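Report on the structure given below.
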Amino acid sequence: SQQGEEDPQALSIQEGENATMNCSYKTSINNLQWYRQNSGRGLVHLILIRSNEREKHSGRLRVTLDTSKKSSSLLITASRAADTASYFCATDEEYGNKLVFGAGTILRVKS
Amino acid sequence: EAGVAQSPRYKIIEKRQSVAFWCNPISGHATLYWYQQILGQGPKLLIQFQNNGVVDDSQLPKDRFSAERLKGVDSTLKIQPAKLEDSAVYLCASSPRETQYFGPGTRLLVL
């Protein structure tokens with residue numbers, strides 16, 4: 001079963017613009033992670049935010065978490081063509097580091 | 001450090017045939033995961049190992065899928081017999097703690 005639901009399913013922007021992707025989930029979590037997947041390749045970890053954190057930054061990435069609304073957002077600032085990829089949120093629901101992935105948002109950055 | 005290695009990268013078989021995938025995790029990572037990713041969807045966990053013991057195989061179709069982790073290091077995932085709906089990318093990941101590191105995946109096409 002998939003826990004996270006990303007929104008939008010697809011997003012197309014111009015280089016230099018900001019991209020925002022949202023993730024909603026259903027149950028309590030220990031942490032929420034965002035991963036990127038370039039076409040035909042494995043996933044790369046981007047950022048992890050714990051349930052007691054509200055915001056986290058890493059380079060051009062900003063992640064927020066609202067546990068009361070069971071939602072998270074990923075903001076990519078000053079996007080580049082190389083940011084073109086699928087982005088997945090994944091929730092760690094219980095103990096044991098078991099991740100449940102959403103269906104992903106496809107981001108296309110046009111140069 | 002070397003990443004997660006998987007082989008083969010591509011495999012085409014006919015239905016009812018058998019197939020095996022191999023994964024070599026990052027050295028020192030105790031936890032190993034196998035995921036199935038169907039086109040357009042997020043990865044779905046099939047099985048999770050901690051060292052050479054199974055932590056979670058609740059979503060593994062045990063009538064046709066099997067997996068083992070040899071001496072707590074390398075792992076193999078087998079499908080026998082394959083069905084058309086098994087066409088997917090099979091991803092292996094390993095982790096020392098919460099973040100997972102993914103291999104490039106094996107793309108399986110069942111005809």
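Convention: sequence-line order gives letters A, B, ...; per-chain numbering from 1. Only heavy atoms go into these numbers, but all of them, side chains included; no hydrogens, no water, no symmetry mates. Quick caveat: nothing in here was measured; it's all calculated off a predicted structure.
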Is it the case that more than 12 heavy atoms not belonging to R60(A) sit under 6.0 Å from its CZ atom? yes
ask   = Within a radius of less than 6.0 Å around CD1 of I106(A), do more than 12 heavy atoms belonging to other residues, nucleotides or ligands occur?
value = no
In terms of heavy-atom contacts, D56(B) and K98(A) come closest through OD2-NZ, 2.9 Å
In terms of heavy-atom contacts, L91(B) and G42(A) come closest through CD2-CA, 4.2 Å
Intermediate values then yes/no, side-chain contact (heavy atoms from CB on, under 4.5 Å), F88(A) and Q37(B): CA-CA 12 Å; F88(A) 296 89; Q37(B) 186 177 22; 3.6 Å; yes
*Would Y33(B) and L99(A) satisfy side-chain contact (heavy atoms from CB on, under 4.5 Å), going step by step from the backbone distance to the final call?*
CA-CA 10 Å; Y33(B) 310 82; L99(A) 292 181; over 6 Å; no
* So V100(A) and L45(B), side-chain contact (heavy atoms from CB on, under 4.5 Å) or not? Walk me through it. -> CA-CA 7 Å; V100(A) 180; L45(B) 179 68; over 6 Å; no
Cut-off 4.5 Å, heavy atoms of chain A, and the answer for S95(B) is neither
Under 4.5 Å to a heavy atom of chain A? For T106(B) that would be neither
ask   = Do the side chain of E98(B) and the main chain of L48(A) share a donor and acceptor less than 3.5 angstrom apart?
value = no
dist Y35(B):OH -> F101(A):CZ (nearest 0.5 Å) comes out at 4.5 Å
Output for pair (H45(A) NE2, Q100(B) CD), nearest 0.5 Å, gives 9.0 Å
